[in-house]
Undergrad: 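This is the structure I want to talk about, given as structure tokens.
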Amino acid sequence: MANLFDYNGKFYSTMSKIADCIVLGLLWMVCSVPVITIGASSCAFYYAYTKCIRQECAGVWGAFFHGFKVNFKQATVSWLAMIVLAAVELFDFFLLLARGGDSPIAMILLAIVVLFLIGIVLMALCLFPYIARYENTWTESVKNCVLILFSNFVWVALLLPILLAAVLTAVSVPLMVLFAPSAYMFFANKILEHVFQKYMRPEDLEAEQQGEW
């Protein structure tokens, strides 16, 4: 029984990880408040979760703000680009509705717009973790994520219902806002790491296993 509460025991380690997950979720929410920083905050969340929860490195605060700083420029450009694209598609959506969205042609166009919007969301769910994990130019990051998205569409598409479940849970039960971000990240990280590792060199995988990422 004494070993249960031992500093190096499984119980303490599990509770410590849960506490770190809550902290990361809160940091993500606070740093996303300006809206323009949501991209950088999402990169920082994924980076710190992978480093501190998955790879068990210490210091969630330091890891989060390091990920925020180094990825700020590329993540913010990506986020602003996605906002513009989403705004254009939403404008088209409501314009089609206003001009008679019940005609066959309008219905087809509406479906295309909705698919584009879903594609933008899926791209965001893949791109920010990719930026957090790898050092590339913005163009290379976008190009690689497009290829990853089409090559692993089923896996990446799984992120959307998980995200919706997390959002609905947080909205329905306000207390769950403490756990919803990290609950999403728990599943998203497993899915995306499974996808990303298919494109990594053996030496890079070995380096990560030794905690050198």
Undergrad: Roughly how far apart are Trp155 CH2 and Leu149 CG, rounded to 0.5 Å?
TA: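 One finds 15.0 Å between CH2 of Trp155 and CG of Leu149.
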Undergrad: Minimum heavy-atom separation for Cys52 and Gly59, please, with both atom names.
TA: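 That closest heavy-atom pairing would be SG-O, 3.7 Å.
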Undergrad: Between Asn144 (side chain only) and Glu140 (backbone N and O only), is there a donor and an acceptor less than 3.5 Å apart?
TA: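 Side chain of Asn144 to backbone of Glu140: a pair is present.
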Undergrad: Hey, does Val60 have a side-chain heavy atom less than 4.5 Å from the side chain of Leu27?
TA: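 Leu27 vs Val60: side chains apart.
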Undergrad: Answer yes or no: are there more than 12 heavy-atom neighbours, outside Phe65 itself, under 6.0 Å from its atom CZ?
TA: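 Buried by this count: over 12 neighbours within 6.0 Å.
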Undergrad: Report yes or no: do Tyr46 and Val30 belong to one cluster of Ile/Leu/Val/Met/Phe/Trp/Tyr joined by side chain heavy-atom distances under 4.5 Å?
TA: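 They do not share one cluster, since no chain of ILVMFWY contacts under 4.5 Å joins Tyr46 to Val30.
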Undergrad: With a 3.5 Å distance limit and no angle check, can you tell me whether Ser41 reaches the backbone of Thr37 through a side-chain donor-acceptor pair?
TA: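 Not a single qualifying donor-acceptor pair exists.
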Undergrad: Kindly assign one of parallel, tilted or perpendicular to the pair Tyr47 and His66, based on the angle between their ring planes and the thresholds 30° and 60°.
TA: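 Aromatic pair Tyr47/His66 classed tilted.
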Undergrad: Angle between ring planes, Tyr134 versus Phe196, binned at 30° and 60°: parallel, tilted or perpendicular?
TA: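 If you compare the ring of Tyr134 with that of Phe196, the planes turn out perpendicular.
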Undergrad: Calculate, to the nearest 0.5 Å, the distance between atoms CD1 and CG belonging to Ile131 and Asn71 respectively.
TA: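 Reported value, rounded in 0.5 Å steps: 7.0 Å.
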Undergrad: Kindly work out whether a path of hydrophobic side-chain contacts (I/L/V/M/F/W/Y, heavy atoms less than 4.5 Å apart) joins Val171 to Tyr184.
TA: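 In one cluster: yes.
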Undergrad: With hydrophobic residues grouped by side-chain heavy-atom distances under 4.5 Å, do Leu160 and Leu115 end up in a single group?
TA: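 The answer is no; the residues belong to distinct hydrophobic clusters.
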Undergrad: Identify the two heavy atoms, one from Ala44 and one from Phe64, that lie closest to each other, and give their separation to 0.1 Å.
TA: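 Minimum heavy-atom separation between Ala44 and Phe64: CB-O, 3.1 Å.
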Undergrad: Nearest 0.5 Å please: distance from the CD1 atom of Ile120 over to the CG atom of Leu127.
TA: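 These two atoms lie 12.5 Å from each other.
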Undergrad: A quick test of your reading: do over 12 heavy atoms of other residues, nucleotides or ligands sit less than 6.0 Å from CZ of Phe153?
TA: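 Incorrect, the count does not exceed 12.
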Undergrad: Got a donor-acceptor contact below 3.5 angstrom from the Gln74 side chain to the Asn136 backbone?
TA: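 Here the side-chain-to-backbone pair exists.
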Undergrad: Same cluster or not: are Leu147 and Tyr199 linked, directly or through other Ile, Leu, Val, Met, Phe, Trp or Tyr residues, by side-chain heavy atoms under 4.5 angstrom apart?
TA: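 They do not share one cluster, since no chain of ILVMFWY contacts under 4.5 Å joins Leu147 to Tyr199.
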Undergrad: May I ask you to decide if the ring planes of Phe45 and Tyr49 are parallel, tilted or perpendicular, using 30° and 60° as cut-offs?
TA: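 It falls in the perpendicular class, over 60°.
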Undergrad: When rounded to the nearest 0.5 angstrom, what distance separates CE in Met82 from CG in Leu80?
TA: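 That separation rounds to 11.0 Å.
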Undergrad: Taking atom CD1 of Ile36 as the centre, does the number of heavy atoms from other residues, nucleotides or ligands within less than 6.0 Å exceed 12?
TA: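 No - once you tally the heavy atoms of other residues, nucleotides and ligands closer than 6.0 Å, there are 12 at most.
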Undergrad: Indicate if Ile38 and Val33 have the same hydrophobic cluster label, given that clusters are the connected sets of ILVMFWY residues with side-chain heavy-atom separations under 4.5 angstrom.
TA: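 Not linked; separate clusters.
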